[in-house]
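Below is one structure; the comments refer to it alone.
Quick note: numbers below take in every heavy atom, side chains included, and nothing from hydrogens, waters or symmetry partners.
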Amino acid sequence: MEEVMAIERSSENGVSTFDDGAHSHCIAKTEDKGGVESKRFYLARTTALEMLRDRGYQVSDAELSLSLSEFRSGFGEKPDLERLRISVPLRSNPMKKILVVFMGSEPVTVKTVRVIHSQVSSTVGLHGLILVLQSKMNHFAKKELATFPCTVETFPIGDLLVNITKHTGQPKIEILTKEEKEKLLSEHALEDKQLPLLKEKDSFVRYHGLKKGQVVKITYSKEPVGHFVTYRCIV
């Protein structure tokens, strides 16, 4: 089939969302004689590791291949949240590290955030922090995140129970470099705002940690659309 490359222009409201049925994807029901709590932590931690690998961090195959039974053997039915933490370096620059912290079930307050701040403030090379939440974070606690010396992201644990990028209907996604973006806009005489827009809070955007102004190339290769390429800019 002849390849079609479409440079769409933004619609009237200018913003698209890119879920493509991913949220309808459910965890398969399988017989499990273990506890629900340990399974939730296993699924969330596994997705977090996959997410970090996809972002370019150094994640070991042993961590990624850990089975549920192996996880329970190592962490128990009621895992210690401190032991669940993940700290890995960036492959392209091992001096830069990211830390994933699993929060408790109590509401996240300013005091809670300040405790985390004191724990990580002396971590050498820390340039990213992900907080996995089991409960709500209040407005004042969210404002407190701005005091951290690194980028802080928050994910409700429920958002990590399934890896959305593994959805069967997911098209191929490529994140353009700054140079590739400039070349694309130059070749088609476009500005950022003329591309279809993708919200920064979109689940795919959050998974990859993308920032405003970045552009992604989306390639569809299945029916009913056939082979189709488009681009979207993060806003």
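Under the 6.0 Å distance and 45° angle rule, R206 counts as a cation-pi partner of F155.
A heavy-atom distance below 4.5 Å is found between the side chains of R72 and L68. Counting heavy atoms from C-beta outward, F41 and L84 have side chains that approach closer than 4.5 Å. Contact of the D54 side chain with the T165 side chain is registered, since non-hydrogen atoms from C-beta on lie closer than 4.5 Å. Between M103 and Q134, every side-chain heavy-atom pair lies at or beyond the 4.5 Å cut-off. Between E200 and V235, the closest side-chain pair of non-hydrogen atoms is not below 4.5 Å. Side chains of I130 and L99 form no contact here, defined as non-hydrogen atoms less than 4.5 Å apart. At a threshold of 4.5 Å between non-hydrogen side-chain atoms, the residues L210 and I175 count as touching.
Between the OG1 atom of T151 and the CG atom of L129 there is a distance of 9.5 Å, given to the nearest 0.5 Å.
Note on ring orientation: taking the six-membered ring where Trp is involved, the planes of H117 and F148 are perpendicular (angle over 60°, cut-offs 30° and 60°). Between H127 and Y57, the ring-plane angle classifies as tilted under the 30° and 60° cut-offs.
Surrounding NZ of K97 are at most 12 heavy atoms belonging to other residues, nucleotides or ligands under 6.0 Å away. The number of heavy atoms from other shown groups lying within 6.0 Å of CG (D61) does not exceed 12. Counting heavy-atom neighbours within 6.0 Å of Q58 CD, excluding the residue itself, gives a total of 12 or less.
Side-chain contact of E70 with S73: a donor-acceptor pair under 3.5 Å is absent, judged by distance alone. At a cut-off of 3.5 Å, with distance as the only test, no side-chain donor of Q214 or R232 sits close to an acceptor on the other residue. Counting only N and O atoms by type, the side chains of N163 and Y207 include a donor and acceptor under 3.5 Å apart.
The shortest heavy-atom contact between S135 and G104 is OG-O, 4.0 Å. Between P171 and I218, the shortest heavy-atom distance links the atoms CG-CG2, 3.7 Å.
Although no hydrogens or angles enter the test, the distance criterion places a donor-acceptor pair under 3.5 Å between the side chain of T46 and the main chain of Y42.
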